[in-house]
Amino acid sequence: VAVLNIVLAMIFACLVFSYFFLWSNQPGGWTPPDVPLPGLGWTALAAGLYLLGFVMMSSAHHLMGKGGRPVVILLMIAALLALLAALAADGWSLYRTGLDPEMSAYAAVLYMFVALEGALAFTLALMAGFTTARWMAGLLHAQRRPPFGRPRQLYHYAWPQGLISL
């Protein structure tokens, strides 16, 4: 997971650099003139959901040490659902504006941020499924934590990236 985090951070850094590079080299303005910016309400909802997911995943980690397995799995799945809902809110806010990634570099970069977060959410969903299967088989407890620790590490990378990309 550490190597995956490093690779994802490098991709994200390249995307942030692309955003600022394109922004600094637009002679006619960065945003398309006839398209409104994404709404603050959807952005605030996405930010709140990212933070809620962080709190749930941190709570799951704390409870894992105390042996509360069913609650841990439910909190992990709820955190994943919060991440997916935040991703949906972010994507919906872009879609509602009418931004077309084929028409402007601004829209293309914004949609790429959402796509990168979506790929991360898909990876986390696979990891959560594996962790849930291990729990159902009785192979996840306070002494055997790695199957839970890996998605937790990746989630703790995903939520700040999601907040930054808003």
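What you see below is based on every heavy atom in this structure, not just the backbone, and it leaves out hydrogens, waters and symmetry mates. Model, not experiment: these values are computed from the prediction. For the single chain, residues carry numbers from 1 onward in sequence order.
- For the side chain to side chain donor-acceptor pair (under 3.5 Å) condition, the pairs that include at least one residue of residues 107-117, sequence neighbours left out, are E117-Q161.
- The hydrophobic cluster containing L126, built from Ile/Leu/Val/Met/Phe/Trp/Tyr side-chain heavy atoms closer than 4.5 Å, also comprises F122.
- Both L163 and L45 belong to a common hydrophobic cluster when Ile, Leu, Val, Met, Phe, Trp and Tyr are linked at side-chain heavy-atom distances under 4.5 angstrom.
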For residues 93-100, which side-chain donor-acceptor pairs fall under 3.5 Å, sequence neighbours excluded?
| unit_1 | atom_1 | unit_2 | atom_2 | d |
| --- | --- | --- | --- | --- |
| S93 | OG | D90 | O | 2.7 |
| T97 | OG1 | L94 | O | 2.6 |
| T97 | OG1 | L99 | N | 3.3 |
| D100 | OD1 | E102 | N | 3.2 |

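- A distance-only check finds a donor-acceptor pair linking the side chain of Y157 to the backbone of A9 [under 3.5 Å].
- Residue pairs meeting the side chain to side chain donor-acceptor pair (under 3.5 Å) criterion with at least one partner in residues 71-87, sequence neighbours excluded, do not occur; the list is empty.
- Considering every non-hydrogen atom in both G91 and V114, the closest pair reads CA-CG1, 4.2 Å.
- The line from CD1 of I11 to CE of M112 is 7.5 Å long, rounded to the nearest 0.5 Å.
- The two residues A79 and Y155 make their nearest non-hydrogen contact at O-OH, 3.1 Å.
- Aromatic ring pairs are classed by plane angle as parallel below 30°, tilted from 30° to 60° and perpendicular above 60°; the pair F12 and F113 is perpendicular.
- Listed by chain and residue number, V7 satisfy the side-chain contact (heavy atoms from CB on, under 4.5 Å) test with V3 (two or more places apart in sequence, or in another chain).
- With side-chain heavy atoms closer than 4.5 Å counting as contact, directly or through intermediates, the hydrophobic cluster containing I6 also holds M10.
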Give the table of side-chain donor-acceptor pairs shorter than 3.5 Å for residues 47-58, with sequence neighbours excluded, one pair per line with atom names and distance.
| unit_1 | atom_1 | unit_2 | atom_2 | d |
| --- | --- | --- | --- | --- |
| S58 | OG | F54 | O | 3.0 |

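- Taking NE2 from H61 and CD from Q153, the interatomic distance works out to 10.0 Å, rounded to the nearest 0.5 Å.
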Q: Starting from the C-alpha separation in whole Å, work towards a yes-or-no answer on side-chain contact (heavy atoms from CB on, under 4.5 Å) for I73 and M76.
A: CA-CA 5 Å; I73 294 299; M76 181 187 66; 4.2 Å; yes

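- Summarising the geometry of L80 relative to A121, their closest heavy-atom pair is CD1-O, 4.0 Å, with the distance given to 0.1 Å.
- What you find for L22 and A105 is that their closest heavy atoms are CD1-CB, 3.9 Å.
- For residues 2-11, no residue pair satisfies the side chain to side chain donor-acceptor pair (under 3.5 Å) rule, not counting sequence neighbours.
- The side-chain contact (heavy atoms from CB on, under 4.5 Å) check on F20 picks up V16, W23, with sequence neighbours excluded.
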Q | Y19 vs L15, side-chain contact (heavy atoms from CB on, under 4.5 Å): CA-CA, chis, key distance, verdict | A | CA-CA 6 Å; Y19 179 90; L15 189 56; over 6 Å; no

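- Contacts of L4 classified as side-chain contact (heavy atoms from CB on, under 4.5 Å), with partners at least two apart in sequence or in another chain: L8, T123, L154.
- Residue V72 is grouped with residue M136 when hydrophobic side chains (ILVMFWY) are merged at heavy-atom distances under 4.5 angstrom, including chains of intermediate members.
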